[in-house]
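Below is one structure, written out as structure tokens, with a few remarks after it.
Nothing here was measured: the structure is a model prediction, and the numbers come from that model. Reckoned from all heavy atoms, side chains included, excluding hydrogens, waters and symmetry mates.
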Amino acid sequence: MRELLNKIEARRRVVRETAEQLREQITRLTEQLTAAEDTLKRLEITRDTLSELAAEDGIQPPEPLPPGYREILAAIEKTEDGLRAKDVCQALGLGTEPKHTEGTRAKLKRLVTRGILTEPEPGLFTLTKLTLGTAEANSS
């Protein structure tokens with residue numbers, strides 16, 4: 001009988017420790033969720049403000065990018081040297097078969113057409129760097 005009571009006590013200790021670890025994880029996740037929600041609110045306010053300012057100036061605000069394009073931009077933002085279509089596929093966890101790289105290349109080319117990316121050499125894509133003169137010309 002004593003053995004069973006010892007096993008129960010040992011199990012209670014393990015479950016108590018697990019519960020405490022879970023509480024700590026919940027606390028960390030709650031903090032991360034709050035930070036993410038705050039960032040989302042700020043981004044929404046920024047987007048709304050940009051749209052209002054553009055409307056005041058009679059400028060059509062840029063259309064939001066679909067998620068696949070935003071993921072591509074996020075991958076390219078992490079590098080200073082730019083990426084090739086295959087590198088983008090790898091960064092996004094996609095396959096590197098031609099069907100994946102060609103679809104990604106088409107998206108990259110569309111981003112170049114929109115002026116969001118540049119292609120300094122064939123197949124290499126980087127973020128468009130706005131110079132002060134370009135930014136002033138676009139705002140006039």
Spacing of I72 atom CD1 and L108 atom CG [to the nearest 0.5 Å]: 5.0 Å
Reported OG1-to-CD distance for the pair T34 and E31, which is rounded to 0.5 angstrom: 8.0 Å
L124-L111 co-clustered via ILVMFWY side chain contacts under 4.5 Å: no
Backbone N/O of K109 and side chain of T113: donor-acceptor pair under 3.5 Å: yes
Salt bridge present between E102 and R105 (N-O < 4.0 angstrom): yes
L50 side, atom CG; L43 side, atom CG - distance, nearest 0.5 Å: 12.0 Å
G95 versus C89, closest heavy-atom pair with distance: O-CB, 3.5 Å
Reported CZ-to-CZ distance for the pair R47 and R42, which is rounded to 0.5 angstrom: 14.5 Å
Rounded distance (nearest 0.5 Å) linking atom CG of D81 with atom OG1 of T126: 9.5 Å
T118 vs T128, side chain to side chain donor-acceptor pair (under 3.5 Å): CA-CA, chis, key distance, verdict: CA-CA 5 Å; T118 57; T128 299; 4.9 Å; no
L65 reachable from L83 in the ILVMFWY side-chain graph, under 4.5 Å edges: yes
Atom CD of E24: over 12 foreign heavy atoms under 6.0 Å: yes
Any side-chain heavy-atom pair of L94 and T101 under 4.5 Å: no
Shared hydrophobic cluster, L92 / L117 (ILVMFWY, side-chain heavy atoms < 4.5 Å): yes
SB check E121 R84 (cutoff 4.0 Å): yes
Side-chain touch E37/L33, heavy atoms, less than 4.5 angstrom: yes
E80, CD: over 12 other non-hydrogen atoms inside 6.0 angstrom: no
Reported CD1-to-NZ distance for the pair I76 and K78, which is rounded to 0.5 angstrom: 12.0 Å
Presence of salt bridge, R12 and E9, under 4.0 angstrom: yes
Residues R23, E20: salt bridge by 4.0 Å N-O rule: yes
Over all atoms of both residues, closest heavy-atom pair of Q90 and T96: CG-CG2, 3.5 Å
